[in-house]
Protein chains: 2
Amino acid sequence: MKRNSRLSLALHTLSHMADDPDRVRTSADIADHAGTNPVVVRRVLGRLREAGLLTSEKGHSGGWKLARKPERITLADVYLALDESLVATANEDSDPVCSVEYALHRRVSGVLREIEQSLVKRLGETTISEIR
Amino acid sequence: MKRNSRLSLALHTLSHMADDPDRVRTSADIADHAGTNPVVVRRVLGRLREAGLLTSEKGHSGGWKLARKPERITLADVYLALDESLVATANEDSDPVCSVEYALHRRVSGVLREIEQSLVKRLGETTISEIR
DNA sequence: ATTAATGCAACAATGGTTGTTACATTAAAG
DNA sequence: CTTTAATGTAACAACCATTGTTGCATTAAT
């Protein structure tokens, strides 16, 4: 696996789950299919659970399952759950050299945030059951 | 500087240049304003030059300048010049475990490519002179 | 000839991500 | 009640991309 693997892994897994929503899957199963490690899977799916997209059960015969119908989980849900922020840069805590420079900074950041928002909007138009 | 600094630095610089398109700026000047290093600036701006967005002159009184009017440089031009690929993952050269898995891989990749395209389309709707 | 710029290579430092091991906890199964 | 099989989590190593930095060749104006 390479870059952006969190989003890729998440979509991969969810899309797979959408094919048979009631089946419970272990992180080991999922890791096998995705070609990675169970701990990595739990790490990523843990975030999706925090966001209410998945449920997990501990103990014998435990595992992972969709928390709602696949038609009601959008790519935006996934993206936001992972807290990716692909476009917008984090806070730039560089010292504001001069006020003009600071204003320019703010303008650029504003544009990037705007772009990020339009990305999320686009992601909201597709559900995991529509991955074709 | 942190993550995504290439795109951020590029937009910052171009937006600044758009305010006075005929002025020639040195990488040292730009680096000062952006709070980074001249070599880093040359690295990033070099890509923009390759894409035909900027020109540079060597030697005494050389420097950087916009290659065309700021109204004719879109954020998509910048994004593509930097070869960012924020959304779409690079090729996943993992061994196709089984054919079903391979097909799923392709579907996910396809969706991500689609999202990436819509991002570029959105970026194409704003020019560097419109950074507000 | 001097000065001041880009171009580029090489390398260190940093930081984020992934992979891995280990172990505590939990719950079903026998 | 013991065993088995799962998640949850911490800790750490390995990897890799990015950034910062130094040094120097090249180029062009003065």
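The sequence lines fix the lettering, A, B, ..., with proteins before strands; numbering per chain opens at 1. Source: prediction; values computed, not measured.
- Take Arg43(B) and apply the salt bridge (charged side-chain N to carboxylate O under 4.0 Å, His left out) test, not counting sequence neighbours, and it matches no residue.
- Contact check, Ser61(B) against dA4(C): no side-chain N or O comes under 4.0 Å of OP1 or OP2.
- The salt bridge (charged side-chain N to carboxylate O under 4.0 Å, His left out) contacts involving residues 49-59 of chain B comprise nothing, where partners must be two or more places apart or lie in separate chains.
- Note on Val44(A): it does not cluster hydrophobically with Val39(A), by side-chain heavy-atom contacts below 4.5 Å among ILVMFWY residues.
- Minimum atom distance to the side chain of Ser56(A) is reached by dT7(D), of the listed dT7(D), dG19(C), dT6(C).
- By the side-chain contact (heavy atoms from CB on, under 4.5 Å) test, Ala81(B) pairs with Leu48(B), Ala51(B), Leu53(B), sequence neighbours left out.
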Which pairs would a plain distance check flag for residues 115-129 of chain B, meaning a side-chain donor or acceptor within less than 3.5 Å of a matching protein atom at least two apart in sequence or in another chain?
residue   : atom : partner   : partner atom : Å
Glu116(B) : OE1  : Val87(B)  : N            : 2.9
Glu116(B) : OE1  : Ala88(B)  : N            : 2.8
Glu116(B) : OE2  : Tyr79(B)  : OH           : 2.4
Ser118(B) : OG   : Ile115(B) : O            : 2.9
Arg122(B) : NH1  : Thr126(B) : OG1          : 3.1
Arg122(B) : NH2  : Glu114(A) : OE2          : 3.4
Thr127(B) : OG1  : Ser129(B) : N            : 3.3
Thr127(B) : OG1  : Ser129(B) : OG           : 2.8
Thr127(B) : OG1  : Glu130(B) : OE1          : 3.3

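- If you take CD1 of Ile30(B) and P of dG20(D), they are 15 Å apart, rounded to a whole angstrom.
- Spacing between atom CD of Glu84(A) and atom C1' of dG16(C) amounts to 12 Å, rounded to whole angstrom units.
- In this structure, of dT6(C), dT17(C), dA11(D), it is dT17(C) that holds the atom nearest to the side chain of Arg6(A).
- Counting to the nearest Å, the C1' atom of dT6(C) and the CG atom of Asp29(B) are 14 Å from each other.
- Between Leu9(B) and Val40(B) the shortest side-chain heavy-atom distance falls below 4.5 Å.
- Considering only residues two or more places apart in sequence or on other chains, Arg25(A) meets the side-chain contact (heavy atoms from CB on, under 4.5 Å) condition with His16(A), Met17(A), Asp20(A), Arg23(A), Ile30(A).
- The nearest whole Å value for the distance from the CG atom in Leu45(A) to the C1' atom in dA6(D) is 14 Å.
- At whole-Å resolution of the value, CZ in Arg47(A) and P in dT7(D) are 18 Å apart.
- A straight line from CG of Leu86(A) to C1' of dG16(C) spans 14 Å, rounded to a whole angstrom.
- Closest contact between the side chain of Thr26(B) and the listed nucleotides dT20(C), dT6(C), dT7(D) involves dT6(C).
- For a distance-only test at 3.5 Å, the side chain of Arg43(B) fails to qualify as a donor-acceptor partner of the base of dG7(C).
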Look for any protein N or O under 3.5 Å of an N or O in nucleotides 21-26 of chain C and output each such pair with its distance, or none.
residue : atom : partner  : partner atom : Å
dT26(C) : O2   : Gly59(A) : N            : 3.4

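- The CH2 atom of Trp64(A) sits 7 Å away from the P atom of dT7(D) (whole-angstrom rounding).
- If you measure from atom CG of Leu48(B) to atom P of dG7(C), you get 12 Å, rounded to the nearest angstrom.
- DNA chain D is contacted by no residue of residues 13-25 of chain B, taking any non-hydrogen atom closer than 4.0 Å.
- Residues satisfying the side-chain contact (heavy atoms from CB on, under 4.5 Å) criterion with Asp22(B), sequence neighbours excluded, are Lys65(B).
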What donor-acceptor contacts under 3.5 angstrom involve side-chain atoms of residues 67-76 of chain A, with partners at least two apart or in another chain?
residue  : atom : partner  : partner atom : Å
Arg68(A) : NH1  : Arg72(A) : O            : 2.5
Thr74(A) : OG1  : Ala76(A) : N            : 3.3
Thr74(A) : OG1  : Asp77(A) : N            : 3.1
Thr74(A) : OG1  : Asp77(A) : OD2          : 3.3

